[in-house]
Amino acid sequence: MTSSAHPQRVELTVPVDVNAPAEAVWRTVTDWPGQGDWMLGTRVEVTNGGDGRELGAQLRAVTGIGPLGVADTMDIVEWDPPKRCVVRHTGKVVQGDGVFEVVELGPERARFLWTELLDLPLGVLGRAGWPLVRPAFRAGVEMSLRKMAQQCEKEYRRERDGRGAGL
C-alpha cells in the first residue's frame, strides 16, 4: 500500500492481543528503554531527558547485532495515553511514522497494534526490494510483539496477585 501524498510510503500493521488491561499494555510499550527486553535486536533510549512519555520527547533506537546496527531517531508527535502514540522517524535510513495503539477489549484484555508508515529509501530499488524485505520485517515484529505480550501478562499477573515486580 502506498499513499498519494507519499508515493514511496508503505504501511505495515501488526496486532497482538494481550491478557492484561490496556493501562498495563500502555506502560509496557511506552517504556522505551525496556523495549530492548522484547524488541528483536533493538536498544532504545530517550535522548532529551525524562522518561520519554510526553509529546516532543526524542528517542533513538539502534537495531542490529553488536557494533553493526541502524540508528533510528524519532520524535513523539502525538501522545494520547493510554491509547495512541505516534513517532516521526527522522533518521537517515528510517523515515516516516510509527503508530502505537492500545485498544481495550475488556477489563483484563487489550489489543496492541504497531503500524509503520515508512518512506522507502533508495527510490526504485527501495520499491523493488520492499516485497522481499516485508515478510522478514513483519515476522520480526510479530516475534517481538509475542514476547512483549508474554512479558506484559507476566508482570500484570505479578502485580495483580500482590507479589510486586521486585519479589
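Residue numbers count from 1 along this sequence.
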Test side chain to side chain contact (heavy atoms under 4.5 Å, CB included) applied to Met148 and Val29, step by step: CA-CA 8 Å; Met148 179 279 298; Val29 299; 3.9 Å; yes

message: Just to verify, what does Thr30 make a side-chain hydrogen bond (donor to acceptor under 3.5 Å, both in side chains) with, not counting sequence neighbours?
response: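 Counting only residues at least two positions away or on another chain, Thr30 forms a side-chain hydrogen bond (donor to acceptor under 3.5 Å, both in side chains) with Arg53.
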
For [X], give me all partners under salt bridge (charged side-chain N to carboxylate O under 4.0 Å, His left out), at least two apart in sequence or on another chain.
| X | value |
| --- | --- |
| Glu142 | Arg138 |
| Arg88 | Asp97 |
| Asp75 | none |
| Glu108 | Arg160 |

message: Determine whether Arg84 and Glu78 satisfy the following criterion, salt bridge (charged side-chain N to carboxylate O under 4.0 Å, His left out), listing intermediate values before the conclusion.
response: CA-CA 7 Å; Arg84 183 176 164 92; Glu78 187 177 328; 2.7 Å; yes

- request: Output every pair passing ring-ring contact (aromatic ring centres under 6.0 Å, His included) with a member in residues 39-77, not counting sequence neighbours, ordered by first then second residue.
  value: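 The answer is none; no pair qualifies.
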
field: Where at least one partner belongs to residues 102-124, residue pairs that pass ring-ring contact (aromatic ring centres under 6.0 Å, His included), sequence neighbours excluded
entry: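 Pairs touching residues 102-124 that pass the test: Phe100-Phe112, Phe100-Trp114.
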
Hey, can you pull the donor-acceptor pairs under 3.5 Å for the side chains in residues 55-65, sequence neighbours left out?
| from | atom 1 | to | atom 2 | distance (Å) |
| --- | --- | --- | --- | --- |
| Thr63 | OG1 | Thr42 | OG1 | 2.8 |

query: Could you state the interatomic distance from OG (Ser144) to CD (Gln151), rounded to the nearest 0.5 Å?
result: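 Here the rounded value is 11.0 Å.
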
message: To the nearest 0.5 Å, what is the distance between OG1 on Thr28 and CD on Glu153?
response: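 Going from the OG1 atom of Thr28 to the CD atom of Glu153 covers 10.0 Å.
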
query: Going by the salt bridge (Lys or Arg N to Asp or Glu O under 4.0 Å) test, which pairs reach into residues 14-27, not counting sequence neighbours?
result: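 Qualifying pairs: Asp17-Arg109, Asp17-Arg111, Arg27-Glu159.
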
field: Pair listing, salt bridge (Lys or Arg N to Asp or Glu O under 4.0 Å) test, anchored in residues 29-38, at least two apart
entry: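 Listed once each, the pairs would be none.
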
task: Any chance you could lay out the side chain to side chain contact (heavy atoms under 4.5 Å, CB included) test for Ile76 and Val86, step after step, and finish with the verdict?
output: CA-CA 6 Å; Ile76 295 180; Val86 178; over 6 Å; no

message: Going by ring-ring contact (aromatic ring centres under 6.0 Å, His included), name the residues that satisfy it together with Trp79, two or more places apart in sequence or in a different chain.
response: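 Scan of Trp79 (ring-ring contact (aromatic ring centres under 6.0 Å, His included), adjacent residues dropped) gives Trp26.
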
query: Under the side chain to side chain contact (heavy atoms under 4.5 Å, CB included) criterion, do Leu118 and His89 qualify, and how do the steps go?
result: CA-CA 8 Å; Leu118 299 173; His89 298 285; 4.3 Å; yes

- prompt: Minimum heavy-atom separation for Leu117 to Arg9, with atom names?
  reply: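 For Leu117 versus Arg9, the nearest heavy atoms are O-NE, 3.7 Å.
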
message: Using a 4.5 Å cut-off between side-chain heavy atoms of Ile, Leu, Val, Met, Phe, Trp and Tyr, which other residues end up in the same hydrophobic cluster as Val103?
response: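 Under the 4.5 Å side-chain rule, Val103 groups with Leu105, Leu113.
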
task: Check the pair Val16 / Val18 against side chain to side chain contact (heavy atoms under 4.5 Å, CB included), numbers first and verdict last.
output: CA-CA 6 Å; Val16 66; Val18 185; 4.2 Å; yes

